[in-house]
Amino acid sequence: MHAALAPTPTPTSPTRRTSVGDHLRHWRQLRRLSQLDLAADAELSTRHLSCVETGKASPSRELVLRLCERLAVPLRERNAWLVAAGYAPMYREHAMDDPSMQAARRAVQHILDSHEPWPAVAFDRHRNLVLANRMVAPLLSGVAPELLQAPANLLRISLHPGGLAPRIVNLNQWREHLFARLRQQIHQTGDEGLADLLTELMAYPAQPADAAQRLDGEHPGVLMPFLFQTPGGTLHLISTTTVFGSPVDITLQELALETFFPGDEATADALRAMAATMPA
């Protein structure tokens, strides 16, 4: 059975900023650019940029999109810029269970299923579970039921004491990895919800120093080893994340896949045996 352990959550508003100048100032400061640097990069005068930022000038639609491009603003926020400037949103957004997204949903599920017998999940920008292959559900056995209620957040499931944390042998190393990725995402997107989530996660208990283990084979941003205790034995998994991108759809741009590979032959054998006992 294909697993979608939590329904796709309803999209929410990305920001409380109201004017295009507020958006511009926020993202310019987030990217640590002076008005002079951004004006030169966007090929306009510093005076005109300053007037847009202070509300003394109204930018054209083309200028809004050009500034967004130079500042690497995510599609979700580009819509907010356009609306604040008095223009219609340009980028569409549909939940993955919307009829218009069924072809994309089937394609993503096919990718996840093709990864079997290794586990794989798809998640949204807040790390809420969207889709999974059948190898994921057995690994979540024993997780507190409230953590699996929609929207099931993969970071909470990983690090909460009622989740997988007690069974992760290299928990502190895994925490460092997740926190580093989350901080990078917050920097890239300016998402306040993610900042709040990071604060929550950091309050969860870490592994005692005398029990902590570190695994070899970590390549920051690419591969991360993960040693995980299950009723059937300890699994040595390697995690890697792939980010989708779409020039027109917010949902697909924000979707990412996390795929796990066996780190040793014993783990590969254990996962193959698990898959053989599961219904198709």
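Values below: all heavy atoms of this structure, side chains included; hydrogens, waters and symmetry mates excluded.
Taking 4.5 Å as the limit, every side-chain heavy atom of His23 sits out of range of all side-chain heavy atoms of Val73. Put simply, the side chain of Leu24 reaches to within 4.5 Å of the side chain of Leu49, judged on heavy atoms. Side-chain atoms of Trp118 and Ile238, non-hydrogen and from C-beta on, never get closer than 4.5 Å to each other. Under the 4.5 Å side-chain criterion, counting only non-hydrogen atoms from C-beta, Gln213 is not in contact with Gln173. Asn170 is not listed as a side-chain neighbour of Arg214, based on a closest heavy-atom distance of 4.5 Å or more. Counting heavy atoms from C-beta outward, Pro89 and Val83 have side chains that approach closer than 4.5 Å. Residues Arg125 and Gln185 have side chains in contact (heavy-atom distance under 4.5 Å, counting atoms from C-beta outward). Leu131 is listed as a side-chain neighbour of Arg105, based on a closest heavy-atom distance under 4.5 Å.
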Q: Could you give me the CA-CA distance, side-chain angles and deciding distance for Asp249 and Gln253, then say whether side-chain contact (heavy atoms from CB on, under 4.5 Å) is met?
A: CA-CA 6 Å; Asp249 191 275; Gln253 188 202 45; over 6 Å; no

Q. Would Arg92 and Ile250 count as a side-chain contact (heavy atoms from CB on, under 4.5 Å) if you check the C-alpha gap in whole Å, the side-chain angles of each, and the deciding distance to 0.1 Å?
A. CA-CA 6 Å; Arg92 68 177 185 263; Ile250 295 171; over 6 Å; no

Q: Would you sort out whether Leu197 and Asp191 count as a side-chain contact (heavy atoms from CB on, under 4.5 Å), showing the intermediate values?
A: CA-CA 10 Å; Leu197 179 60; Asp191 192 308; over 6 Å; no

(Q) One pair to check against side-chain contact (heavy atoms from CB on, under 4.5 Å): Arg106 and His110. What are the steps and the verdict? (A) CA-CA 6 Å; Arg106 286 194 298 270; His110 177 71; over 6 Å; no

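Judged purely by atom type and a 3.5 angstrom limit, Arg31 has no side-chain atom pairing as donor or acceptor with the backbone of Arg70. A donor-acceptor pair is defined here as one N or O able to donate and one able to accept, closer than 3.5 Å; no such pair exists between the side chain of Asn172 and the backbone of Ala206. Judged by distance alone, with hydrogens and angles left aside, the side-chain atoms of Gln229 form no donor-acceptor pair with the main-chain N or O of Val169 at under 3.5 Å.
The heavy-atom pair separating Met278 from Arg134 by the smallest distance is CE-O, 2.7 Å. Scanning all heavy atoms of the two residues, the minimum distance from Thr259 to Ala120 falls at CG2-CB, 3.8 Å. Looking at every heavy atom in both residues, Leu139 comes nearest to Leu164 through O-CD2, 3.6 Å. Taking all atoms of both residues into account, the shortest heavy-atom contact from Gly162 to His160 is N-ND1, 2.8 Å. For Met274 against Thr277, the heavy-atom pair with the smallest separation is O-OG1, 2.8 Å. Between Pro59 and Tyr87, the closest heavy-atom pair is O-OH, 2.9 Å.
A single hydrophobic cluster is not seen to contain both Leu67 and Leu36; linkage of ILVMFWY side chains at heavy-atom distances under 4.5 Å, directly or through other members, places them apart. The same ILVMFWY cluster, assembled from side-chain heavy atoms under 4.5 Å apart, contains both Leu82 and Trp27. In terms of hydrophobic clustering, with Ile, Leu, Val, Met, Phe, Trp and Tyr side chains grouped at heavy-atom distances under 4.5 Å, Leu154 and Ile186 are assigned to a common cluster. No continuous path of hydrophobic side-chain contacts links Ile168 to Leu227 [ILVMFWY only; heavy atoms under 4.5 Å]. Residues Leu201 and Val121 share a single hydrophobic cluster, defined by chaining ILVMFWY side chains whose heavy atoms lie under 4.5 Å apart.
Separation of atoms CG (Leu178) and CE (Met224) is listed at 8.0 Å; rounding is to 0.5 Å. Here the CD-OG distance, from Gln29 to Ser34, works out to 11.5 Å after rounding to the nearest 0.5 Å. Distance check: His94 NE2 to Leu252 CG gives 10.5 Å after rounding to the nearest 0.5 Å. Taking CG of Leu38 as the reference point, atom CZ of Arg32 lies at 16.0 Å (rounded to 0.5 Å). Atom NE2 of His236 and atom CZ of Phe226 lie 10.5 Å apart (nearest 0.5 Å). Interatomic distance, Gln102 CD to Met96 CE, rounded to the nearest 0.5 Å: 8.0 Å.
Between the side chains of Asp264 and Thr267, at least one donor N or O lies within less than 3.5 Å of an accepting N or O.
The six-membered or imidazole ring of His115 lies near that of Phe261, with a centre-to-centre distance under 6.0 Å.
Salt bridge Glu258/Arg181: absent, no basic N to carboxylate O contact under 4.0 Å. The pair Glu200-Arg156 meets the salt-bridge criterion, with a side-chain N (NZ, NE, NH1 or NH2) lying under 4.0 Å from an Asp/Glu carboxylate O.
Residues that satisfy the salt bridge (Lys or Arg N to Asp or Glu O under 4.0 Å) test with Arg175, not counting sequence neighbours, are absent from this structure.
Under the 30°/60° scheme for interplanar angles, the aromatic rings of Trp174 and His177 are found to be tilted.
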